[in-house]
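For reference, the structure is listed below as structure tokens.
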Amino acid sequence: MDVKSRTLRNTHQRQLVLDIVRSSFDHPTAGEVYERARLQDSTISKGTVYRNLKLLSELGEIRKLEMPFGSDHYDFNLEEHYHFLCRRCNKTVDLSIEYRKELNEVPPPAAGYSIEQHRLLLIGLCSDCNT
Ligand SMILES: [Zn+2]
Ligand SMILES: [Zn+2]
């Protein structure tokens with residue numbers, strides 16, 4: 001494959017990864033994005049999906065949700081919001097509670113420290129796992 005068609009393919013595959021995250025409301029893991037991408041482009045490799053997810057997160061196009069256990073998840077919603085994580089099946093859903101902006105303005109732990117952001121993750125069991 002020549003350079004031009006390889007570049008074109010890379011662009012298409014990056015767009016595909018972005019489109020999948022943007023149309024997924026369930027905070028997919030990299031593995032889930034790969035499964036969905038493969039349905040639309042059987043030539044896409046796991047490495048390509050993972051690399052593009054990393055790049056798109058770094059570019060701020062999508063958000064990577066780093067989890068205390070299990071796989072990381074990806075979110076198209078760039079607005080600050082909180083999540084619930086099921087400890088059994090790793091399902092991740094948005095919480096409807098309001099973002100507490102004032103928590104970024106609490107006094108820093110000591111002189112010379114600064115606070116830039118905060119995170120809140122509630123962990124428990126989802127309705128499927130809670131039976
Ligand atoms: Zn669950
Ligand atoms: Zn979310």
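Order of appearance sets the numbers: ligands from 1, and atoms from 1 within every ligand.
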Derivation and outcome, salt bridge (Lys or Arg N to Asp or Glu O under 4.0 Å), residues Lys101 and Glu105:
CA-CA 7 Å; Lys101 219 169 49 219; Glu105 283 136 35; over 6 Å; no

Please confirm whether the ring centroid of Phe25 lies under 6.0 Å from the ring centroid of Phe76.
yes

Do Asp41 and Gln13 have side-chain N/O donor and acceptor atoms under 3.5 Å apart?
yes

2.8 Å cut-off (strict), protein N, O or S atoms about the Zn ion (ligand 2)
5

Search all heavy atoms of Ile62 against all heavy atoms of Leu18 and return the closest pair with its distance.
CG2-CD1, 3.7 Å

Only to 10 degrees, please: what angle do the SG atom of Cys126 and the SG atom of Cys129 make about the Zn ion (ligand 1)?
110°

His118 backbone acceptor or donor facing Asn104 side chain under 3.5 Å:
yes

Are side-chain heavy atoms of Leu65 and Leu121 found at a separation under 4.5 Å?
no

